[in-house]
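See structure below.
Chain identifiers are assigned alphabetically (A, B, ...) following the order of the sequence lines, protein sequences preceding nucleic acid strands; residue numbering begins at 1 within each chain.
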Amino acid sequence: MLDIKTIVQDADRVRQALAHRGTDIDLEAFLGLEARRREDLQRVEALRHRRNVVSEEIAGLKKTGADAGVLVGEMREVSATIKHLEGALAEAETQLRQMLLNIPNLPHASVPVGRDESDNPVVRVVGEVPAFDFAPQAHWDLGARLGIFDFETAAKLTGSRFPLYFGPGARLERALINFMLDVHTTEHGYLEVLPPFMVNRATMTGTGQLPKFEADLFKLEGWDYFLIPTAEVPVTNIHAGRILEAEQLPLRFTAHTPCFRSEAGSHGKDTRGLIRQHQFNKVELVKLTLPETSYDELASLLADAETILRRIELPYRVITLCTGDLGFSAAKTYDIEVWMPAQGVYREISSCSNFEDFQARRADLRFRRKGKRGTELVHTLNGSGLAVGRTVAAICENCQQADGTIRIPEVLRPYMGGMEAIVP
RNA sequence: GGAGAGAUGGCCGAGUCGGCUGAAGGCGCUCGCCUGCUAAGCGAGUGUGCGGCUAAAACUGCACCGAGGGUUCGAAUCCCUCUCUCUCCGCCA
């Protein structure tokens with residue numbers, strides 16, 4: 001959510017930023033409504049002031065036994081007017097809030113202007129793309145042959161796009177989760193969190209999934225609860241509505257959760273394998289920071305996510321999302337894309353974003369500086385560290401061997417009971 | 001799922017028959033004093049949001065006692081609905 005004051009005072013800058021994103025939002029309607037709301041607010045406050053003063057007079061008169069009938073009659077009318085104005089005010093506020101909730105964040109000045117993903121600049125390319133002296137197989141073929149994935153049976157149990165792992169496949173997923181959590185908690189200073197996997201509407205609104213993206217979420221029937229699409233949602237909202245002390249910041253959290261995404265409209269894309277599923281595991285990194293350090297924290301968050309790929313020796317690249325590809329809530333986003341040999345493409349495996357105060361304003365996440373009056377909004381950041389299912393897929397494809405077996409990366413072997421390769 | 005109790009400031013906890021209660025009292029915290037150190041003691045201060053006025057403060061208006069609605073000239077106090085917490089019973093990994 002943007003600051004109303006920013007929109008009013010800096011309308012041109014906001015208009016341009018929204019244009020760069022490729023959105024067409026009617027700022028004029030918003031500004032007109034806001035101006036009217038302001039007028040009404042001042043009228044109501046003046047009337048309420050009068051009511052407060054006269055009510056005290058009435059109390060005084062009654063105490064001395066005098067007749068307050070005239071004043072009471074007058075106040076009856078004033079109260080009616082107040083009630084009427086309050087109704088109009090509440091309606092305007094609801095409308096303004098609805099509009100605000102649907103306006104995306106402003107891109108940071110450093111975000112390149114562009115139309116879509118083809119305009120995302122590459123920041124760096126890391127690791128050697130493996131050279132195979134045979135045709136590399138897709139992970140779903142490798143996995144089926146090794147008996148570690150079974151998407152057909154998963155479809156029988158639930159429907160399409162659900163995972164079912166067996167044996168070393170299931171264990172590899174678990175090994176990765178443990179490895180990632182261990183690195184982030186013991187080396188990078190994150191606090192491990194195990195949050196609820198369902199959250200209510202207010203929590204979903206706090207991080208920006210609602211009201212705009214309800215169609216992408218799984219909703220529970222009979223409850224106003226949703227399955228989380230990412231741990232970002234419950235974890236970022238932990239301190240919602242609280243005022244933190246500046247000395248407490250930054251707060252760094254990491255959490256493994258399953259993630260549930262309905263992504264209605266994505267049918268036909270990546271229909272095979274582990275890339276696009278309705279349920280997948282992810283280890284998430286979340287930070288609450290001071291405004292002045294949030295971009296340094298974004299750099300270190302990105303580095304923390306990259307560390308995982310470096311350790312398991314997967315080749316990847318980092319890109320910056322351009323204005324046209326930036327997510328709704330983000331001010332700046334780096335994607336990490338891992339090399340997938342069978343398709344010969346880099347695929348997103350992590351997305352690291354700074355939301356600045358956009359989520360903090362929605363979720364009411366504030367802090368106070370010692371010796372300074374008032375409060376400020378924290379900056380929130382998050383990134384995948386990493387998407388686990390996609391990491392499994394990347395390991396399968398990058399570490400496959402001519403005989404169809406999969407070499408386990410060194411750092412994961414302790415988590416795999418010493419296993420060096422997945423064999424039939 | 002059934003029965004009951006409760007929700008007030010950072011925390012604990014008063015608020016009587018609705019009327020200077022933004023909210024007593026205590027704890028905590030901050031600053032100052034005192035004290036050879038520590039402890040104790042003394043004094044002052046200590047919510048948030050949205051406006052007005054300021055160079056900035058000071059000052060000032062409105063709102064907020066779980067949330068929403070109602071009664072009333074006036075509600076933390078009365079009424080209704082909802083949410084959450086606790087206790088007991090039932091069920092359960």
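Checking the phosphate oxygens (OP1, OP2) of B:G61, no side-chain nitrogen or oxygen of A:H49 falls inside 4.0 Å. Distances shorter than 4.0 Å separate some side-chain N or O of A:R38 from OP1 or OP2 on B:G51. Distances shorter than 4.0 Å separate some side-chain N or O of A:R76 from OP1 or OP2 on B:C73. For B:G49, one of the phosphate oxygens OP1 or OP2 lies less than 4.0 angstrom from a side-chain nitrogen or oxygen of A:R366. At B:U72, none of the side-chain N or O atoms of A:S79 fall inside 4.0 Å of OP1 or OP2 (strictly under the cut-off). Distances shorter than 4.0 Å separate some side-chain N or O of A:K5 from OP1 or OP2 on B:G51. For B:G61, the OP1/OP2 oxygens have no side-chain nitrogen or oxygen of A:N52 closer than 4.0 Å.
A side chain to side chain donor-acceptor pair (under 3.5 Å) with A:S294 holds for exactly one of A:T380, A:T289, A:N354, A:D357; it is A:N354. Here the rule is side-chain contact (heavy atoms from CB on, under 4.5 Å) with A:L288, and of A:N382, A:L381, A:L365 only A:L365 fits it.
When the C1' atom is compared between B:G9 and B:G47, the two are found 6 Å apart, to the nearest whole Å. Spacing of P atoms, B:G32 relative to B:G13, comes out at 33 Å, to the nearest Å. Going from the C1' atom of B:U83 to that of B:C92 covers 25 Å, rounded to whole Å. Nucleotides B:U77 and B:U72 have their C1' atoms positioned 13 Å apart, rounded to a whole Å. Distance noted for atom C1' between B:U81 and B:G19: 27 Å (whole Å). Nucleotides B:A56 and B:C20 are separated by 35 Å at their P atoms, to the nearest Å.
Under the 6.0 Å cut-off for aromatic ring centres, A:F328 and A:F358 qualify, their centroids lying closer than that. Note: A:Y295 and A:H379 fail the aromatic proximity criterion, with ring centroids not under 6.0 Å apart. Remark: aromatic rings of A:Y165 and A:F149 are close, center separation under 6.0 Å.
Taking for each of A:V72 and A:V44 the nucleotide of RNA chain B with the nearest heavy atom, the 5'-most of the two is the partner of A:V44. In terms of position on RNA chain B, the residue among A:Y225 and A:I243 whose nearest nucleotide sits closer to the 5' end is A:I243.
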Produce the list of close N/O pairs, under 3.5 Å, pairing protein atoms with atoms of nucleotides 17-19 of chain B; give distances to one decimal.
unit_1	atom_1	unit_2	atom_2	d
B:G19	N2	A:S55	O	3.1

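Here A:E74 lies out of heavy-atom contact (under 4.0 Å) with every strand. Within 4.0 Å (heavy atoms only), A:R368 reaches sugar-phosphate atoms of the nucleic acid but no base atom.
Ring pair A:F218/A:F162 is tilted by interplanar angle, where 30° to 60° counts as tilted. Between A:Y190 and A:H188, the ring planes lie perpendicular to each other; the angle is over 60°, past the 30° to 60° tilted range.
A salt bridge links A:K287 to A:E297: one of the charged nitrogens lies within less than 4.0 Å of a carboxylate oxygen.
Summarising the base pairing, B:A23 is matched to no nucleotide, lacking a Watson-Crick or G-U wobble pair whose two defining distances lie under 3.5 Å. Base pairing of B:C29 is made with B:G45, judged by Watson-Crick or G-U wobble geometry with both donor-acceptor distances under 3.5 Å.
Out of B:C50, B:U48, B:G52, the shortest distance to the side chain of A:T375 is found at B:U48.
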